[in-house]
Amino acid sequence: MLGIFPELLLSLVVLILVVYGLKGRILKLSIVLLIFVVLMSYWLRVDFGANGLLLTNGWVDISKGVLIMACVLLLLMYSYKNQEREEGDSWIMLVLIVLLGSLLLVSSVNWLSIYLALELQTLALFILVAIKKNSAYSTEAGLKYFVLGAVSSGLFLFGCALLYGVSGETSIQGINSILIGDVGKILITVSLLFKLSVVPFHMWAPDVYEGAPTITTALLAIMPKIGVFSILVQVGLVSNIVLFCGVLSIIYGAMGALNQTKMKRLLAYSGIGHMGFLLLGVGIGSFESIQASLIYIIIYVIMSVCGFSVLLSLKLTRALIIEVSCLSRENPVMALTLGLTFLSMVGIPPLAGFLGKWLILLSGVSSGYYLICMMVVVASVIAGVYYVRVVQIIYFPSYSLLTWQKAINRLEVINLRKSILLGVVFFIILSLMVSPNWVLQMTHDATISLYI
């Protein structure tokens with residue numbers, strides 16, 4: 001059936017925005033555009049075929065839907081206040097380029113198209129991390145991300161060269177059909193794990209999260225993870241490495257965050273732990289575990305958007321955890337939202353985070369990974385300590401913490417756009433355990449398409 005492939009439409013609009021700018025109206029235009037793109041992606045579609053560079057199936061459609069939803073939510077989180085107008089326009093255009101690279105990445109079935117999509121996404125992220133030219137922290141974070149991103153790209157290209165030398169193929173299906181080329185597959189797996197910031201390839205995440213602007217940190221924590229997770233499932237790389245790194249990430253993420261005093265570094269280690277749960281589902285490799293991982297990434301996006309939206313609404317001078325003390329007295333609704341979001345990240349029932357972790361562990365037990373599941377449960381209990389500590393600071397600050405109140409800025413007025421955003425994502429966090437049928441059915445259909 002003839003139609004419009006959403007990447008082509010988005011590419012055209014990004015080019016127009018880069019050339020002509022359309023200052024001032026770019027935010028509203030971008031949100032309307034993305035809503036239009038997601039509608040077109042389901043109603044009008046061109047299938048390029050498995051032997052080409054891009055492919056469309058149920059898994060790709062769901063991944064694109066999650067990506068576009070995450071991008072719309074990030075744009076709704078963004079505010080021009082206290083930002084340069086030109087910097088704001090540049091930020092939005094770069095986010096659209098990241099989205100374009102991610103959409104191309106999840107559709108790719110050829111190593112060449114995967115590499116080009118990864119680089120398009122990563123190069124835009126380099127600029128976004130270092131977009132504050134007058135900030136030494138932002139420049140340092142951009143440099144670290146650039147150096148380690150270059151290492152990751154080199155490993156990917158070297159792995160692709162080895163696979164092509166062995167098989168003479170550049171398509172994923174052709175390479176998966178051969179039984180040799182393990183070194184090339186390992187290098188590509190390591191490269192993708194760099195992008196997910198999982199142990200032992202996590203060293204860039206805490207520093208980059210801390211140095212980047214908060215809205216860019218939210219972007220780093222959400223959009224690149226969706227695209228890389230989707231392609232990691234589709235290419236079917238070395239499962240033992242994925243499983244091993246997943247378990248290490250859960251344990252290290254829980255231990256590393258215990259002594260953190262800064263909110264963004266805490267969220268960086270939290271993200272490492274969450275990516276470990278994702279990889280645990282991918283490494284197990286059963287139908288149920290892959291479906292559970294897809295559910296987990298959807299819940300992770302919702303929780304991250306909710307958490308970062310609250311943090312962006314707070315005037316945190318140095319992004320210290322102590323700065324959220326007494327938030328329950330200043331703004332009880334905001335305190336309740338942030339507190340329940342962190343409890344959802346722990347996996348406290350009946351919040352949405354419990355559903356994702358329970359399904360991952362259930363698939364692991366069903367596949368016979370009893371020892372690994374026991375280790376994960378213990379690590380999750382340890383991780384609950386630092387999440388609950390934040391909730392305790394919000395509601396029960398000690399007298400020593402109260403002395404900081406004079407140095408803490410008051411909340412800014414939350415506009416209607418951010419209020420609606422917080423209300424919607426917080427409602428999903430609260431209600432997903434009550435009525436999960438829609439997400440279970442959607443992810444079930446998407447996972448089936450991987451086996452057809």
Should Ser363 and Gln291 be marked as a side chain to side chain contact (heavy atoms under 4.5 Å, CB included) after you check the CA-CA gap, both sets of side-chain angles, and the distance that decides it? CA-CA 9 Å; Ser363 63; Gln291 181 187 1; over 6 Å; no
Side chain to side chain contact (heavy atoms under 4.5 Å, CB included) evaluation trace for Gln121 with Met223: CA-CA 10 Å; Gln121 169 187 280; Met223 286 188 60; over 6 Å; no
Quick one, Leu76 with Ile420, criterion side chain to side chain contact (heavy atoms under 4.5 Å, CB included). Give me CA distance, side-chain angles, the key distance, then yes/no. CA-CA 9 Å; Leu76 290 172; Ile420 295 174; over 6 Å; no
Run Leu163 and Leu187 through side chain to side chain contact (heavy atoms under 4.5 Å, CB included) and show every step you take. CA-CA 10 Å; Leu163 289 177; Leu187 290 176; over 6 Å; no
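Partners of Leu116 according to the side chain to side chain contact (heavy atoms under 4.5 Å, CB included) rule, which considers only residues two or more places apart in sequence or in another chain, do not exist here. Under the ring pair (Phe, Tyr, Trp, His ring centres under 6.0 Å) criterion, Tyr145 pairs with Phe126, Trp204, sequence neighbours left out. Val388 pairs by the side chain to side chain contact (heavy atoms under 4.5 Å, CB included) definition with Leu343, not counting sequence neighbours. The side chain to side chain contact (heavy atoms under 4.5 Å, CB included) test applied to Val365 returns Tyr370, Cys373, not counting sequence neighbours. Under the rule for a salt bridge (charged side-chain N to carboxylate O under 4.0 Å, His left out), Glu288 has no partner lying at least two apart in sequence or in another chain. Val247 meets the side chain to side chain contact (heavy atoms under 4.5 Å, CB included) test with Ile251, Leu280, Ile372, Met375; sequence neighbours excluded. Checked against ring pair (Phe, Tyr, Trp, His ring centres under 6.0 Å), Phe201 has the following partners two or more places apart in sequence or in another chain: Phe194. By the salt bridge (charged side-chain N to carboxylate O under 4.0 Å, His left out) test, Glu140 is found to be paired with Lys144, residues two or more places apart in sequence or in another chain being considered.
Heavy atoms from other residues, nucleotides or ligands lying under 6.0 Å from CE of Met203 number more than 12. When the shell of 6.0 Å around CZ of Phe244 is examined, it contains 12 or fewer heavy atoms from other residues, nucleotides or ligands. More than 12 heavy atoms of other residues, nucleotides or ligands shown are found within 6.0 angstrom of CE on Met442.
The closest side-chain heavy-atom distance from Leu118 to Leu192 is below 4.5 Å. Taking 4.5 Å as the limit, every side-chain heavy atom of Leu267 sits out of range of all side-chain heavy atoms of Thr217. Leu340 places none of its side-chain heavy atoms less than 4.5 Å from the side chain of Ile429. Put simply, the side chain of Leu105 reaches to within 4.5 Å of the side chain of Ile114, judged on heavy atoms. Within the 4.5 Å cutoff, no side-chain heavy atoms of Val425 are placed close to those of Thr341. Residues Val233 and Ser293 are not in side-chain contact: their nearest non-hydrogen atoms beyond the backbone lie 4.5 Å or more apart. For the pair Tyr369 and Val376, the minimum side-chain heavy-atom distance is 4.5 Å or more. Looking at heavy atoms from C-beta onward, Gln234 lies in side-chain contact with Val60 at the 4.5 angstrom threshold.
Side chain to side chain, Tyr269 and His202 fail the donor-acceptor criterion of an N or O pair below 3.5 Å. Between the side chains of Tyr387 and Ser270, a donor-acceptor pair is found at a separation under 3.5 Å.
The two atoms that bring Tyr296 and Gly356 nearest to each other are CD1-C, 3.5 Å, heavy atoms only. Closest heavy-atom contact between Leu75 and Trp91: CD2-CZ3, 4.1 Å. The nearest pair of heavy atoms linking Leu196 to Phe229 is CD2-N, 4.3 Å. Annotation for Ile226 and Ser63: closest pair CG2-O, 4.2 Å, computed over non-hydrogen atoms. For the residue pair Ile131 and Ser138, the shortest heavy atom distance occurs at N-OG, 3.8 Å. Here the shortest heavy-atom pairing between Tyr395 and Pro332 reads OH-O, 4.4 Å.
One finds the CG atom of Leu193 at 11.5 Å from the CD1 atom of Ile186 (value rounded to the nearest 0.5 Å). Note that the OG atom of Ser113 and the CG atom of Leu120 stand 12.5 Å from one another [nearest 0.5 Å]. We find the CD1-CD1 distance between Ile322 and Ile393 to be 7.0 Å, quoted to the nearest 0.5 Å. We find the NZ-OG distance between Lys225 and Ser197 to be 3.5 Å, quoted to the nearest 0.5 Å. Rounded to the nearest 0.5 angstrom, Leu351 CG and Ile428 CD1 are separated by 13.5 Å. Interatomic distance, Ile215 CD1 to Leu128 CG, rounded to the nearest 0.5 Å: 10.0 Å.
Side-chain atoms of Ser286 come within 3.5 Å of backbone N or O of Ser289 as a donor-acceptor pair. Between the Lys264 side chain and the Gly211 main chain, no donor and acceptor come within less than 3.5 Å of each other. Checking side-chain atoms of Ser367 against main-chain N and O of Gly364 turns up no donor-acceptor pair under 3.5 Å. Looking only at distances, a side-chain donor or acceptor of Lys357 sits under 3.5 Å from a matching main-chain atom of Met345.
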Under 3.5 Å donor-acceptor pairs involving side-chain atoms of residues 297-311, not counting sequence neighbours:
residue : atom : partner : partner atom : Å
Tyr300  : OH   : Ala221  : O            : 2.7
Ser304  : OG   : Tyr300  : O            : 2.9
Ser309  : OG   : Val305  : O            : 2.6

Can I get a per-line list of side-chain donor-acceptor pairs under 3.5 Å for residues 146-154, giving both atom names and the distance, sequence neighbours left out?
residue : atom : partner : partner atom : Å
Ser152  : OG   : Ser191  : O            : 3.0
Ser152  : OG   : Ser191  : OG           : 3.1
Ser153  : OG   : Glu119  : OE2          : 2.5
Ser153  : OG   : Gly149  : O            : 3.0

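The stretch residues 210-223 participates, sequence neighbours left out, in these salt bridge (Lys or Arg N to Asp or Glu O under 4.0 Å) pairs: Glu210-Lys262, Glu210-Arg265. The salt bridge (Lys or Arg N to Asp or Glu O under 4.0 Å) pairs that include a residue from residues 189-205 number zero, where partners must be two or more places apart or lie in different chains.
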